[in-house]
Amino acid sequence: MQRIIRKISSYLSHRKTAKTAAHIQPNKTPRIISREEHGISRRDIDKSALDVLYGLKRAGYEAYLVGGCVRDLLLGLEPKDFDVVTDADPDEVKAVFKRRCQVIGRRFRLAHVRFGRTVIEVATFRGQGDGENRQDYFGRKGRLSGKAREVDDSGRLVRDNVYGTIDEDVWRRDFTVNSLYYNIKDFSIIDYAGGLDDIKSGQLRLIGDPVTRYREDPVRMIRAVRFAAKLGFNIEARTEAPIAELGHLLADVSNARMFEEVLKLFHSGAGISVFEKLRHYNLFTYLFPLTEQILSEESEGFPRMMVIEALKSTDERIQSGKTVNPAFLFSAMLWEPMIQRKQVHLDNGMVHQDALYAAANDVIEQQIRCTAIPKRFTAQIRDIWNLQGRLTRRQGARAQKLSEHPRFRAAYDFMGVRAAAGETEVQALFDWWTEYQEKDAVERVAFANAVEKKPRRSSRKPRRNRNFLRKRSQKSRDESSPTLDE
């Protein structure tokens, strides 16, 4: 019965998509922008991407650059990735590039062509049909998987391996600015959906009915936020309208995919703008629910600034061409929820170190339900948090030992963010470590030796005098021993 319901739902969803899209479906006769009319040069295109384009062309297939790389090149930006689309199916792409190529995916079957560390993603043109009389999922005769395009009861697209033509593929793109095709044959740009005009006007617009497209893939909502923040574009009214209402659909997206999307959001170089927009559309709570709960409360009458200061630091590093660490981002996002949870454990009688470990485990475990943070990063998060306390004990040789810790720099930067966010008690400590790092090896020793050692509180009971205990034990034995009179 459930299978029949899913089939009916899939059919009705497809009918609805076709009906609601009638007034905004891309033109059958696209606009062709010749090489003389646009500013994209092959010098700006990654050599590996050109090798894939020319390789497919020599094999007799159509091949185009598509998506964000074309958009960024037109805007004068440096693309992070170069994606290729072709009429060759994944197995045919593998036949062209042989060992360099790996076919991946189930929901969307793709080919990855490797050139050293560079990976060029190659997708086959998507179609609009329901999968009947089209290429089967595996791309091989005799191994059928049923209909290649499936939509679940909520309208989410769970499989989409219907292959088609470029005229159909453009309909499957998300935003008009990402639906421009660069043709390697004559170096022209093909524009079906008015993406070039939207780039010129700074507008982000979905292709198709927004509600249907968001239900097909809820991640499109946070992609809209990311592109708007990164490019400085406005989200078109119809594209914007359903976002706040449909945000709850993000709860059904896999936590592994959400982790990747969080990195794209906050490592885009426009993290503060992304953060503000996510909160504006009530989407941040589906990414960091514990953090959102903390942010809704003020600290002594002032808004909490930890997240803002951390994102400001991250944006500055990215804009300066420096590397960023996901562990630092999650450490900052979850710091205040962890501190709040640690206090609960302290109030219940735990010692400080045990309370810290327990709080870290509690917070990270809850966050993983939303974003699947890999273990290598959760270990680094714990190190950064743990070092915040250890950095206070810097007398003598301890300072040198701490400065050699592999997470010292991240912990030091994190302390700087805490100070900038208004934690006045760590400002002097942060300044000390800043001055310590500016000194040479000899000066560091004298500088650390000059730090006054604070008396250490001990939770152990005072040890009693050994002679007293020995005499007491002997007296007890004498009193319990039988006498001759007995």
Side-chain angles (χ1 to χ4, degrees), residues 25-90 92-93 96-97 100-101 108 110-115 118-127 163-207 223 226-227 230-231 233:
Q25 186 162 352
N27 298 321
K28 294 296 182 183
T29 54
R31 176 184 173 189
I32 308 296
I33 300 96
S34 67
R35 173 64 186 88
E36 293 73 23
E37 297 177 83
H38 66 76
I40 297 179
S41 168
R42 277 172 291 173
R43 290 192 299 270
D44 302 323
I45 300 173
D46 185 86
K47 182 181 180 301
S48 299
L50 288 174
D51 288 344
V52 170
L53 291 170
Y54 281 120
L56 290 168
K57 178 186 174 184
R58 284 192 298 269
Y61 298 108
E62 294 181 49
Y64 304 83
L65 282 181
V66 69
C69 60
V70 180
R71 177 202 67 216
D72 288 349
L73 288 171
L74 288 169
L75 288 169
L77 304 174
E78 183 178 351
K80 185 176 181 181
D81 301 300
F82 288 85
D83 296 331
V84 173
V85 67
T86 179
D87 59 347
D89 68 38
E92 290 169 335
V93 176
V96 173
F97 297 102
R100 287 188 181 276
C101 182
F108 298 107
L110 302 165
H112 278 181
V113 184
R114 295 183 177 275
F115 297 86
T118 303
V119 177
I120 304 299
E121 187 173 278
V122 183
T124 305
F125 291 137
R126 304 293 171 186
Y163 302 146
T165 64
I166 189 172
D167 298 323
E168 295 174 295
D169 183 82
V170 65
W171 169 248
R172 310 310 307 280
R173 301 284 154 187
D174 50 9
F175 301 98
T176 59
V177 297
N178 294 339
S179 66
L180 299 167
Y181 299 78
Y182 176 85
N183 190 350
I184 195 61
K185 289 183 179 179
D186 59 6
F187 319 122
S188 64
I189 291 176
I190 305 175
D191 182 7
Y192 283 86
L196 199 60
D197 290 336
D198 283 341
I199 286 177
K200 291 178 179 178
S201 62
Q203 176 178 251
L204 198 66
R205 179 166 56 98
L206 266 174
I207 298 175
R223 279 169 61 83
R226 173 160 61 91
F227 291 142
K230 176 184 175 181
L231 303 174
F233 282 13

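Heavy-atom basis, side chains included; hydrogens, waters and symmetry copies ignored.
The pair Asp51-Arg100 does not meet the salt-bridge criterion, since no charged nitrogen lies less than 4.0 angstrom from a carboxylate oxygen.
No side-chain heavy atom of Phe125 sits less than 4.5 Å from a side-chain heavy atom of Asp167. Residues Val93 and Tyr61 have side chains not in contact (no heavy-atom distance under 4.5 Å, counting atoms from C-beta outward). In this structure, Asp198 and Phe175 have side chains that are not in contact, with every pair of non-hydrogen atoms separated by 4.5 Å or more.
Listed for the Arg126 side chain is no donor-acceptor partner under 3.5 Å among the backbone atoms of Glu168. Side-chain N or O atoms of Arg205 include one that pairs as donor or acceptor with a backbone N or O of Ala193 at under 3.5 Å. Within the 3.5 Å criterion, the main-chain N or O of Ile189 finds no donor-acceptor partner in the side chain of Asn183.
The two atoms that bring Ile207 and Val170 nearest to each other are CD1-O, 3.7 Å, heavy atoms only. Scanning both residues, Ala111 and Cys101, for their nearest heavy atoms gives CB-SG, 3.7 Å. Val177 approaches Leu180 most closely through the heavy-atom pair O-CD1, 4.2 Å. Considering all non-hydrogen atoms of both residues, Gly127 and Arg172 come closest at O-NH1, 2.6 Å.
Between Phe233 atom CZ and Ser201 atom OG the span is 7.5 Å, to the nearest 0.5 Å. In this structure, Ile45 CD1 and Tyr182 OH are separated by 4.0 Å, a value rounded to the nearest 0.5 Å. Remark: Leu206 CG to Leu204 CG distance equals 7.5 Å, nearest 0.5 Å. Taken from OH in Tyr181 to CG in Asp191, the straight-line distance is 10.5 Å, to the nearest 0.5 Å. The distance from the CG atom of Leu196 to the CZ atom of Arg31 is 5.0 Å, given to the nearest 0.5 Å. Annotation: the span from Tyr192 atom OH to Ile32 atom CD1 amounts to 7.0 Å, rounded to 0.5 Å.
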Derivation and outcome, side-chain contact (heavy atoms from CB on, under 4.5 Å), residues Ile184 and Leu50: CA-CA 8 Å; Ile184 195 61; Leu50 288 174; 4.2 Å; yes
Working for side-chain contact (heavy atoms from CB on, under 4.5 Å), residues Phe97 and Leu56: CA-CA 9 Å; Phe97 297 102; Leu56 290 168; 4.0 Å; yes
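Within 6.0 Å of CZ in Arg114 there are 12 or fewer heavy atoms belonging to other residues, nucleotides or ligands.
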Sequence neighbours excluded and cut-off under 3.5 Å, please list the side-chain donor-acceptor pairs for residues 63-87, or say none.
residue: Tyr64; atom: OH; partner: Glu62; partner atom: OE1; Å: 2.9
residue: Arg71; atom: NH1; partner: Asn178; partner atom: OD1; Å: 2.7
residue: Thr86; atom: OG1; partner: Glu62; partner atom: O; Å: 2.6
residue: Thr86; atom: OG1; partner: Ala88; partner atom: N; Å: 3.1
residue: Asp87; atom: OD1; partner: Glu62; partner atom: N; Å: 2.9

